[in-house]
**Q** 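What follows is a single structure, and I will ask about it in a moment.
Throughout, numbering of the chain's residues begins at 1 and tracks the sequence. Every heavy atom of this structure was used, including side-chain atoms; hydrogens, water molecules and symmetry mates were not.
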Amino acid sequence: MFGISDYGAFSAAFVLLLFLPGPGNLALISSASKGGLSGGLASVLGLLVGDQVLLWLTVAGLAAVLTALPPVFLALQWAGAAYLTWLGFKMFTAQPGEGPSIQITPGHYFRETLFITLLNPKAIMFYLAFFPQFIDPVNHQGWITFAAMALTIVVLGFIYCFGVVLVTHFMAERIRAHPKLSSFLQKMAGVCLIGFGLKMVFTK
């Protein structure tokens, strides 16, 4: 189908990637709980744009560049780790009642999630190592194949991410009614972000 060796397996693999706990999911939850539907949707857009950038960089030959220059990927890991750790520290040290540690504007949530996606080694490795396995070298149709894969990723990603945002938004209304619980969850989210950052450093 469109030069994709196993379209069903490709779709299933991407859905599984979405369900894996990681910085992207945490960014969606944080944005929806702090910025409401507008912040959540902006975060969804940031994640989808980040995925598309990684996909088309892979198409353009980024895999060959990173294979030839391992220090480039190492530097990317460190940049991602530092960024996530900084966000986590801001969330963890926020005082109750002082408001969100991240500014509530749709544009800000878009940029935060975009950077988190672009600096996430899990997403990078999916596109560099796993994504090419589903391209049929015999029936490959050039840009049509890549466009079909990109469109599939957009549709599946939007359905999943929008669902996460909706659930989080409605749950957030109840959580905000209990300030202590809200503060605790924010600090836990900060710890998780710091953990993701440290994992990027120590994972080989």
Side-chain angles (χ1 to χ4, degrees), residues 11-55 76 79-92 94 99-127 130-131 150-176 178 181-200:
S11 300
F14 183 69
V15 170
L16 288 176
L17 177 75
L18 290 172
F19 274 98
L20 290 176
N25 279 297
L26 189 57
L28 289 174
I29 294 172
S30 177
S31 298
S33 62
K34 298 294 183 182
L37 285 178
S38 60
L41 288 174
S43 189
V44 170
L45 182 60
L47 190 147
L48 296 180
V49 171
D51 277 339
Q52 291 300 303
V53 170
L54 292 177
L55 186 155
L76 194 60
Y83 187 67
L84 290 177
T85 302
W86 177 80
L87 287 179
F89 178 77
K90 293 287 287 182
M91 294 180 70
F92 183 78
S101 59
I102 301 176
Q103 180 185 359
I104 298 180
T105 62
H108 191 85
Y109 285 127
F110 170 81
R111 291 190 297 273
E112 292 286 355
T113 311
L114 174 63
F115 291 147
I116 285 175
T117 303
L118 293 177
L119 296 174
N120 182 6
K122 181 185 73 174
I124 295 171
M125 291 310 299
F126 171 79
Y127 289 105
F130 197 52
F131 169 76
L151 181 60
T152 299
I153 287 173
V154 167
V155 173
L156 293 177
F158 178 79
I159 292 173
Y160 171 81
C161 294
F162 185 64
V164 171
V165 166
L166 279 180
V167 171
T168 302
H169 173 67
F170 290 115
M171 288 182 61
E173 294 297 328
R174 298 182 179 181
I175 293 174
R176 277 193 287 267
H178 301 83
L181 176 60
S182 179
S183 176
F184 172 75
L185 292 177
Q186 177 168 302
K187 291 184 182 298
M188 289 302 297
V191 171
C192 288
L193 276 179
I194 294 173
F196 287 130
L198 295 177
K199 183 178 179 182
M200 287 184 184

**Q** For Y109, is there any backbone N or O sitting under 3.5 Å from a side-chain donor or acceptor partner on T113?
**A**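 Between the backbone of Y109 and the side chain of T113 there is a qualifying donor-acceptor contact (under 3.5 Å).
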**Q** Can you measure from CZ (F162) to CG (L45) and round to the nearest 0.5 angstrom?
**A**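 The distance works out to 13.0 Å.
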**Q** With distance as the sole test, does S30 use its side chain to make a donor-acceptor pair with the main-chain N or O of L26 at under 3.5 Å?
**A**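 Flag not set: sc S30 to bb L26 has no pair under 3.5 Å.
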**Q** V53 pairs by side-chain contact (heavy atoms from CB on, under 4.5 Å) with which of D51, L55, V49?
**A**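 The option that passes is V49.
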**Q** Under 3.5 Å, side chain of Q52 to main-chain N/O of A150, donor-acceptor pair present?
**A**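 It does hold such a pair.
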**Q** State the NE2-OG distance between H108 and S43, to the nearest 0.5 angstrom.
**A**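 OG of S43 is found 11.0 Å from NE2 of H108.
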**Q** For residues T117 and G46, report the shortest heavy-atom separation together with the two atoms involved.
**A**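 Looking at all heavy atoms of both residues, the closest pair is OG1-O, 4.4 Å.
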**Q** Nearest 0.5 Å, what's the CD1-CG distance between I116 and N25?
**A**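 These two atoms lie 11.0 Å from each other.
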**Q** If you define the side chain from C-beta out and look only at heavy atoms, does anything of I153 sit under 4.5 Å from L48?
**A**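 Side-chain contact under 4.5 Å: no.
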**Q** Does the side chain of T152 reach to within under 4.5 Å of the side chain of S11, using non-hydrogen atoms?
**A**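 SC-SC contact between T152 and S11 confirmed.
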